[in-house]
2 protein chains.
Amino acid sequence: MSVDPAKRTAERPLQEPDAQAEAFAVVRQAHQMETTEDYVELIDDLITSQGEARLVEVAERLGISQPSAGKTVARLQREGYVTSEPYRSIFLTEKGKKLADASRERHDVVYQFLLKIGVSDTTAKIDSEGLEHHVSEETLDAFRRIINAR
Amino acid sequence: MSVDPAKRTAERPLQEPDAQAEAFAVVRQAHQMETTEDYVELIDDLITSQGEARLVEVAERLGISQPSAGKTVARLQREGYVTSEPYRSIFLTEKGKKLADASRERHDVVYQFLLKIGVSDTTAKIDSEGLEHHVSEETLDAFRRIINAR
DNA sequence: GTATAAACTAAGCCATGGCTAAATTTAAGA
DNA sequence: TCTTAAATTTAGCCATGGCTTAGTTTATAC
């Protein structure tokens, strides 16, 4: 599968600069949404399964400090994804709920896909967390086809 | 494929907090390496195909300003991935070359895999750029199996 | 050989998202 | 009720990686 370094130039010529720049721009943009998606997805999961989303739990599950989580939640509030009053739990806005649902859908497809192609459950959980933000609709469709196959 | 929201709780219970935190930690760590990998991979490609890697070209292909690219190249130098003297072109150290080769290998596998499952070339190029940093060895092996199948 | 353009560096701005330490508020228990 | 513990916020630190504007160096072309 590996590409012979000596043949690399011929087999994998440089892309057009703009096309390449565009690909990196897409990644950077996805990047900006990653944190937002992870938070709303997690907050939604917490509300569903525990009745409410407390900052302390969000922080614990993200594996970061409470102040760090709080800072990002403040940004999410500024941007209209969540609401919360001081010292109270966190709620999703319509916008936040929509994003959470879409993210979870994507996350689930990636997770199921990984399982389908023989990846272990543990790895599927870890990898899907990272991959979900970088999968286009077209690729997602390809994943769905494979999940549904046979 | 989509999961009925009403059944979500039962079908997709919360993970253990530590396991979930660990997955996010993996993503954050991958994140830290992303920029580094993109740069060394690009620098290696430029050296191979054009004889040298100039900052102006790196910046253009990443779609960012020259000073921004310069700042990151300075970090890469600090961390031992590249060398370069003022106003001169950029070279990879052993460490940088190794990382570039590994990154390209991974990148290629993801790209070939996407093509194999029916994703268009354009999308495969874009998505592989984002996905390559979040694919574990185990998943990569699954991808390789599929590329080699039939 | 010198003028000019291109490449690069320097300085300083910004937002994000980590952190710790300390203050505040809320909730719980005695 | 009152004390205390837990949750949250505030303040301030740091690195990364974007940006612009302005200065410096190098290379080109005349």
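In what follows, chains carry the letters A, B, and so on, assigned in the order in which the sequence lines appear, proteins first and then strands, with residues in each chain numbered from 1.
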Chemist: Which comes earlier along DNA chain D counting from the 5' end, the contact point of Lys71(A) or that of Ser84(A), where each point is its nearest nucleotide?
Modeler: Ser84(A)
Chemist: Kindly say if Arg54(A) contacts the phosphate of dA27(C), meaning a side-chain N or O under 4.0 Å from OP1 or OP2.
Modeler: no
Chemist: Does dG17(C) have its OP1 or OP2 closer than 4.0 Å to a side-chain nitrogen or oxygen of Thr35(A)?
Modeler: yes
Chemist: Rounded to the Å, how far apart are Arg28(B) CZ and dC19(C) C1'?
Modeler: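 Rounding to the nearest Å, CZ of Arg28(B) and C1' of dC19(C) are 12 Å apart.
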Chemist: Look at the side chain of Arg88(B) and decide which nucleotide, out of dG18(D), dT16(C), dT26(D), has an atom nearest to it.
Modeler: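 Selected nucleotide: dT26(D).
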Chemist: Closest approach to the side chain of Gln66(A), judged atom by atom: which nucleotide of dG17(C), dT8(D), dG18(C) is it?
Modeler: dT8(D)
Chemist: Quick one: does Glu105(A)'s side chain get under 4.5 Å of Leu140(A)'s, heavy atoms only?
Modeler: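 When only atoms from C-beta onward are counted, Leu140(A) and Glu105(A) do not touch, as no gap falls below 4.5 Å.
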Chemist: Using whole Å, report how far CZ of Arg78(A) lies from P of dG17(C).
Modeler: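 Rounded to the whole Å, the gap is 10 Å.
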Chemist: Are Glu41(A) and Ser103(A) linked by a side-chain donor-acceptor pair shorter than 3.5 Å?
Modeler: no
Chemist: Would you say the side-chain atoms of Glu34(B) and His134(B) include a donor-acceptor pair closer than 3.5 Å?
Modeler: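 Looking only at side-chain atoms, His134(B) and Glu34(B) do form a donor-acceptor pair, the distance falling under 3.5 Å.
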Chemist: Just so I know, are the side chains of Lys98(A) and Asp101(A) near enough to count as touching, which here means a heavy-atom distance under 4.5 Å?
Modeler: no
Chemist: Grab the CD-C1' distance between Glu60(A) and dT8(D) for me, whole Å please.
Modeler: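 After rounding, the reported distance stands at 16 Å.
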Chemist: Please state whether the phosphate of dG18(C), meaning OP1 or OP2, lies under 4.0 angstrom from any side-chain nitrogen or oxygen of Ser65(A).
Modeler: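 No, because none of the side-chain N or O atoms of Ser65(A) sits under 4.0 Å from OP1 or OP2 of dG18(C).
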Chemist: Between C1' on dG17(D) and CD on Glu34(A), what's the gap in Å once rounded to a whole number?
Modeler: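 My rounded result for the distance is 15 Å.
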Chemist: Please report, rounded to the nearest Å, how far the P atom of dT26(C) is from the CG atom of Leu55(A).
Modeler: 15 Å
Chemist: Got more than 12 heavy atoms from elsewhere within 6.0 Å of CD, Gln29(A)?
Modeler: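 Counting neighbours around CD of Gln29(A), 12 or fewer heavy atoms of other residues, nucleotides or ligands fall under 6.0 Å, so no.
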Chemist: How many Å lie between CG on Asp38(B) and C1' on dG18(D), as a whole number?
Modeler: 15 Å
Chemist: Counting side-chain heavy atoms from C-beta on, which of dG23(D), dG17(C), dT9(D) comes nearest to Tyr87(A)?
Modeler: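 It is dT9(D).
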Chemist: What contact category does Pro67(B) fall into here, base, sugar-phosphate, or nothing, at under 4.0 angstrom with non-hydrogen atoms?
Modeler: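 Contact class for Pro67(B): base.
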Chemist: By nearest atom, which of the nucleotides dT8(D), dT9(C), dG18(D) is closest to the Val56(A) side chain?
Modeler: dT8(D)
Chemist: Which whole-number value in Å describes the distance from Glu85(B) CD to dT24(D) C1'?
Modeler: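 Those two atoms, CD and C1', are 17 Å apart.
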Chemist: Phosphate oxygens OP1/OP2 of dA15(C): is one of them under 4.0 Å from a side-chain N or O of Arg75(A)?
Modeler: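 So the side-chain polar atoms of Arg75(A) never come under 4.0 Å of the phosphate oxygens OP1 or OP2 of dA15(C).
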Chemist: Grab the OH-C1' distance between Tyr39(B) and dG18(D) for me, whole Å please.
Modeler: 9 Å
Chemist: Hey, which sits more toward the 5' end of DNA chain C by its nearest nucleotide, Ala69(A) or Pro86(A)?
Modeler: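 Comparing both residues, the 5'-ward one is Ala69(A).
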